[in-house]
Amino acid sequence: MNVPNTTFDFYLSPHSPPADQPDLAGIPCNLQGDFEQGGDAEANLRWTHRLTCDASVPVRDSFPNPPVNRVYIPNRDHTRFDVIYVETVRRGRAGSFKRVYLERKEAKWPTVEL
């Protein structure tokens with residue numbers, strides 16, 4: 001996993017701000033742009049960013065259904081991303097981590113977090 005460069009709050013559907021508190025808050029992560037990637041054949045597998053975090057973090061997707069879980073970076077008051085897909089890299093071995101594929105939805109401008 002890359003060195004953390006931000007944090008995120010995770011909302012498991014049907015929770016969402018501002019009414020609800022995050023299901024996970026202040027989780028260290030590494031966020032990288034990976035603009036407009038994914039297969040053209042599968043509309044539910046398009047992403048704009050990749051996030052990596054510790055394998056123990058219980059973040060999850062809703063694949064193959066449309067995205068319903070969300071990440072807000074660096075916290076609930078900032079930019080929303082839909083969780084497209086989550087995979088565990090190096091499962092069961094030292095250095096395992098989660099790679100989370102995200103689609104950016106709404107940025108609160110101006111922003112210096114992205």
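Predicted, not measured: the structure shown is a model, and the values here were computed from it. Both backbone and side-chain heavy atoms feed into the values below; hydrogens, waters and symmetry mates do not.
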J.: Rounded to the nearest 0.5 Å, how far apart are CG of Leu51 and CG of Asp34?
T.: 12.0 Å
J.: Could you give me the CA-CA distance, side-chain angles and deciding distance for Leu12 and Arg60, then say whether side chain to side chain contact (heavy atoms under 4.5 Å, CB included) is met?
T.: CA-CA 8 Å; Leu12 186 61; Arg60 61 184 183 247; 2.8 Å; yes
J.: Indicate the ring-plane relationship of Tyr85 and Tyr101, choosing parallel, tilted or perpendicular according to the 30° and 60° boundaries.
T.: tilted
J.: Enter the distance from Leu102:CG to Asp82:CG here, rounded to the nearest 0.5 Å.
T.: 8.5 Å
J.: Stepwise, does the side-chain hydrogen bond (donor to acceptor under 3.5 Å, both in side chains) test hold for Gln32 with Asn30?
T.: CA-CA 7 Å; Gln32 299 294 320; Asn30 183 281; 2.9 Å; yes
J.: Can you tell me how far the CZ atom of Arg93 sits from the OG1 atom of Thr88, to the nearest 0.5 Å?
T.: 12.0 Å
J.: Using a 4.5 Å cut-off on heavy atoms from C-beta on, say whether the side chain of Pro58 contacts that of Leu24.
T.: yes
J.: When rounded to the nearest 0.5 angstrom, what distance separates SG in Cys29 from CD1 in Ile27?
T.: 9.0 Å
J.: I would like to know whether Lys98 and Val59 meet side chain to side chain contact (heavy atoms under 4.5 Å, CB included); could you show each step before the answer?
T.: CA-CA 9 Å; Lys98 286 192 177 168; Val59 63; 4.0 Å; yes
J.: Can any side-chain N or O of Thr48 pair as donor or acceptor with the backbone N or O of Arg104 at less than 3.5 Å?
T.: yes
J.: Just checking Tyr72 against Tyr11, ring centres under 6.0 Å apart?
T.: yes
J.: Starting at OG1 of Thr7, measure out to NE2 of His78 and round the result to the nearest 0.5 Å.
T.: 9.5 Å
J.: Is there a side-chain contact between Phe8 and Cys53 (heavy atoms, below 4.5 Å)?
T.: yes
J.: Nearest 0.5 Å, what's the CZ-CZ distance between Arg70 and Phe81?
T.: 13.0 Å
J.: Begin from the C-alpha positions of Asn5 and Leu31 and carry the test side chain to side chain contact (heavy atoms under 4.5 Å, CB included) through to its verdict.
T.: CA-CA 7 Å; Asn5 61 6; Leu31 179 70; 4.1 Å; yes
J.: Under 4.0 Å between a Lys/Arg side-chain N and an Asp/Glu carboxylate O for Asp9 and Arg76?
T.: no
J.: Side chains of Ser62 and Val68: does their closest heavy-atom pair fall under 4.5 Å?
T.: yes
